[in-house]
Amino acid sequence: LIAADVGRSIDDIKPGIQAPLSDTVAEVIKSLSVRESETQDKQGTWYRLLVRPYRTADNRIDGAVVTLTDITALKHAKEILQVAHDDARKIIDTMPTPILVISSDKRVQAANNPFYNMFQVEPSETEGRFLSELCNGNWNDPALLAILDTVLNEGIPFHDFDFEGDFLRIGHRNITLHATRTR
């Protein structure tokens, strides 16, 4: 914007961003609600576009306030995190050993195909559920849950924990478990 733009219609201003600025401003003034979106300029810089109604001192709507905040660094960081997440998921999925990823509240975040195959369960029966609920409660073992608390709360991994259970779909199993905390 330049000083000569003051008083001109928003339709006369051609910003270098890929957003329908004129339509958004008109919608905000009409609806009296805030609109927020992300947009890019022609050079690839990302912005958070925020348009809110402009209220005068006597509480009349007399236009809109438009702000653009550079979020390019945040968008790049988000992309890097997504790549790291996708890579971690690929590693988990390609491991031949059954793997569960459990959150700090002991909910299953993810499992791999060897886990689903070994216990004959589906993702819908597993992901998002508490570990203690899996396989009709067969994982609800006080010793296992206590040692997992140590891993989750203190970061102390365990190896070769022997776990035994009678699983509805696969019968009695002796399983050796390992766990480590991740960030």
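Residue numbers count from 1 along this sequence.
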Below 4.5 Å, heavy atoms only, C-beta onward: do Phe163 and Asp141 meet side chain to side chain?
yes
Does the His178 side chain pair with the main chain of Asp160, one donor and one acceptor, at a distance under 3.5 Å?
yes
Do the side-chain N and O atoms of Thr56 and Asp62 include a donor-acceptor pair separated by under 3.5 angstrom?
no
Output a table of donor-acceptor pairs, distance under 3.5 Å, between side-chain atoms of residues 128-138 and any protein atom two or more places apart or on a different chain; print 'none' if there are none.
| residue | atom | partner | partner atom | Å |
| --- | --- | --- | --- | --- |
| Arg129 | NE | Ser124 | O | 3.4 |
| Arg129 | NE | Glu125 | O | 3.2 |
| Arg129 | NH2 | Ser124 | O | 3.4 |
| Glu133 | OE1 | Phe130 | N | 3.3 |
| Asn138 | ND2 | Asp166 | O | 2.6 |

With the 4.5 Å side-chain cut-off for hydrophobic clustering, are Leu177 and Leu152 part of the same group?
no
Does one hydrophobic cluster hold both Val66 and Leu32, with members joined at side-chain heavy-atom distances below 4.5 Å?
yes
Are the side chain of Asp41 and the backbone of Gly16 linked by a donor-acceptor contact shorter than 3.5 Å?
no
Cluster question for you: counting only ILVMFWY and a side-chain heavy-atom cut-off of under 4.5 Å, with indirect links fine, are Val101 and Ile175 together?
no
Distance, nearest 0.5 Å, that separates NE2 of His76 from CG of Leu81:
13.5 Å
Qualifying residues under ring pair (Phe, Tyr, Trp, His ring centres under 6.0 Å), relative to Phe158, sequence neighbours excluded:
Phe161
Please give the remaining members of the hydrophobic cluster of Leu50, linking ILVMFWY side chains under 4.5 Å, ordered by chain and number.
Val34
Decide yes or no on side chain to side chain contact (heavy atoms under 4.5 Å, CB included) for Ile17 and Thr45, but give the supporting numbers first.
CA-CA 9 Å; Ile17 58 172; Thr45 302; over 6 Å; no
Taking only residues two or more places apart in sequence, or in another chain, which ones meet Lys106 in a salt bridge (Lys or Arg N to Asp or Glu O under 4.0 Å)?
Asp149
Glu27/Arg35 ion pair, N-O < 4.0 Å
yes
According to side-chain hydrogen bond (donor to acceptor under 3.5 Å, both in side chains), who are the partners of Asn113, at least two apart in sequence or on a separate chain?
none
Working to the nearest 0.5 angstrom, can you tell me the gap between Leu21 CG and Ile10 CD1?
4.5 Å
Are Val151 and Val108 connected, step by step, through hydrophobic side chains (Ile, Leu, Val, Met, Phe, Trp, Tyr) whose heavy atoms are closer than 4.5 Å?
yes
Looking only at atom types and distance, does a side-chain atom of Thr39 sit under 3.5 Å from a main-chain N or O of Gln18, one as donor and one as acceptor?
yes
Roughly how far, to the nearest 0.5 Å, is the CD1 atom of Ile61 from the CZ atom of Arg55?
4.0 Å
Quick one: pull up OG1 in Thr176 and CG in Asp162 and give me the separation to the nearest 0.5 Å.
4.5 Å
side-chain hydrogen bond (donor to acceptor under 3.5 Å, both in side chains) partners for Asp23, two or more places apart
none
Salt bridge (charged side-chain N to carboxylate O under 4.0 Å, His left out) for Arg89 and Asp93? Distances and angles first, verdict last.
CA-CA 6 Å; Arg89 184 63 209 206; Asp93 287 342; 3.1 Å; yes
Say whether, by atom type as modelled, one donor and one acceptor occur between the side chain of Asn112 and the main chain of Thr97 under 3.5 angstrom.
yes
Spacing of CD1 belonging to Ile156 relative to CD belonging to Glu154, to within rounding of 0.5 Å
4.5 Å
Take Arg48 and Glu36 through the salt bridge (charged side-chain N to carboxylate O under 4.0 Å, His left out) test and state the conclusion after the steps.
CA-CA 7 Å; Arg48 176 179 167 251; Glu36 183 177 355; 2.5 Å; yes
Is it the case that one hydrophobic cluster holds both Ile99 and Ile147, taking links as side-chain heavy atoms less than 4.5 Å apart, direct or via other members?
no
Nearest-0.5 Å distance, CG of residue Asp12 to OG of residue Ser22:
9.5 Å
Please report the closest heavy-atom contact between Gly155 and Pro157, naming both atoms and the distance.
O-CD, 3.3 Å
With sequence neighbours left out, write down each residue that passes side-chain hydrogen bond (donor to acceptor under 3.5 Å, both in side chains) with Asp5, or none if nothing qualifies.
Arg8
With sequence neighbours excluded, tell me which residues meet side-chain hydrogen bond (donor to acceptor under 3.5 Å, both in side chains) with Thr94.
none
Scan for ring pair (Phe, Tyr, Trp, His ring centres under 6.0 Å) pairs involving residues 84-128, sequence neighbours excluded, and state none if there are none.
Phe115-Phe119, Phe119-Trp139, Phe119-Phe167
Who clusters with Leu168? Use side-chain heavy atoms, under 4.5 angstrom, across I, L, V, M, F, W and Y, and order the result by chain and number.
none
Indicate yes or no for a side-chain donor-acceptor contact from Arg169 to the backbone of Gln120 under 3.5 Å, with no hydrogens or angles considered.
yes
Can you name the salt bridge (Lys or Arg N to Asp or Glu O under 4.0 Å) partners of Asp105, sequence neighbours left out?
Arg107
Remaining members of the apolar cluster that contains Ile71, side-chain heavy atoms under 4.5 Å
Trp46, Leu74
